Asks: 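Pasting in a structure now, in structure tokens, and then I'll have a few things to ask.
Because the structure is a prediction, the values reported are computed rather than measured.
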Amino acid sequence: DNFGLCLISGDKRGSLKKLKKILNEKDVSMANPVDVKKITGFTIGGVSPVGHLNKIKIYVDNNLERFKTVFAAAGHPNCVFKIEYKQLIKLTSGEIKELTE
């Protein structure tokens, strides 16, 4: 199984169609809650962009560039942390792509 993490602003909706093109895959789907926990160590709604149990590829939606700072999940659905956009890219080694509709 091949997993990746997409970082997208809360006011946008990710596009599986665009992700299929980026990954050059015929079929792409959202991970189920059990796999999310197993791969990242976090539950859905609290998946941090860093600190995963397994190394995964991270994609950052280009729409996040409009923000100087962003708030990202911090490992729990009720916890976030503030980080500058440029620091987030550096910290995650995220690949900037157009991921939203």
Asks: What heavy-atom pair brings N32 and I44 nearest, and what distance separates the two atoms?
Replies: C-CD1, 4.5 Å

Asks: Say you draw a straight line from CG of L53 to OG1 of T40; how long is it, rounded to the nearest 0.5 Å?
Replies: 6.5 Å

Asks: Answer yes if I39 and I58 sit in the same cluster of Ile, Leu, Val, Met, Phe, Trp and Tyr residues linked by side chain heavy atoms under 4.5 Å apart, and no otherwise.
Replies: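 They do share one cluster, since a chain of ILVMFWY contacts under 4.5 Å joins I39 to I58.
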
Asks: Any idea which heavy atoms bring S48 and G75 closest together, and the distance?
Replies: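 It is CB-N, 3.9 Å.
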
Asks: Donor-acceptor pairs under 3.5 angstrom involving side-chain atoms of residues 16-29: please list them, not counting sequence neighbours.
Replies:
from: K18; atom 1: NZ; to: E98; atom 2: OE2; distance (Å): 2.6
from: K18; atom 1: NZ; to: T100; atom 2: O; distance (Å): 2.6

Asks: Do L91 and L64 sit in one hydrophobic cluster, given that two such residues count as connected whenever their side-chain heavy atoms are within less than 4.5 Å of each other, even indirectly?
Replies: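 In one cluster with L91: L64, yes.
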
Asks: Are L88 and I96 grouped together when hydrophobic residues (ILVMFWY) are joined by side-chain heavy atoms under 4.5 angstrom apart?
Replies: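 Result: yes, single cluster for both.
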
Asks: Just wondering, are more than 12 heavy atoms of other shown residues or ligands nearer than 6.0 Å to CZ in R13?
Replies: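 Atom CZ in R13 is not crowded, with 12 or fewer foreign heavy atoms closer than 6.0 Å.
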
Asks: If the test is side-chain contact (heavy atoms from CB on, under 4.5 Å), which one of H76, K37, H52 qualifies with F42?
Replies: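 Between F42 and the candidates, side-chain contact (heavy atoms from CB on, under 4.5 Å) is satisfied uniquely by H52.
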
Asks: Do you know which two heavy atoms are closest between S15 and E101, and how far apart they sit?
Replies: CB-CG, 3.6 Å

Asks: What residues form a side chain to side chain donor-acceptor pair (under 3.5 Å) with K97, not counting sequence neighbours?
Replies: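 Testing K97 for side chain to side chain donor-acceptor pair (under 3.5 Å), a comparison that skips the adjacent residues, returns E95.
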
Asks: Pair N63, S9 - check side chain to side chain contact (heavy atoms under 4.5 Å, CB included), show working.
Replies: CA-CA 7 Å; N63 277 294; S9 174; 5.5 Å; no

Asks: Let me see the working for V36 and T43 under side chain to side chain contact (heavy atoms under 4.5 Å, CB included), right down to the final yes or no.
Replies: CA-CA 7 Å; V36 170; T43 57; over 6 Å; no

Asks: Does L99 belong to the same Ile/Leu/Val/Met/Phe/Trp/Tyr cluster as L7, with side-chain heavy atoms less than 4.5 Å apart forming each link?
Replies: no

Asks: Any link between I8 and I56 through a network of hydrophobic side chains (Ile, Leu, Val, Met, Phe, Trp, Tyr) touching at under 4.5 Å?
Replies: no

Asks: When you look at I83 and V70, which way does the side chain to side chain contact (heavy atoms under 4.5 Å, CB included) test go after all the steps?
Replies: CA-CA 6 Å; I83 187 169; V70 296; 3.7 Å; yes

Asks: If you link ILVMFWY side chains whenever their heavy atoms are less than 4.5 Å apart, which other residues fall into the same cluster as V80? By chain and number, please.
Replies: F71

Asks: How far apart are the closest heavy atoms of F81 and A73, and which atoms are they?
Replies: CE2-O, 3.3 Å

Asks: Do Y85 and V60 pass the side chain to side chain contact (heavy atoms under 4.5 Å, CB included) test, and can you show the C-alpha distance, the side-chain angles, and the key distance before you say yes or no?
Replies: CA-CA 10 Å; Y85 169 78; V60 180; 4.1 Å; yes

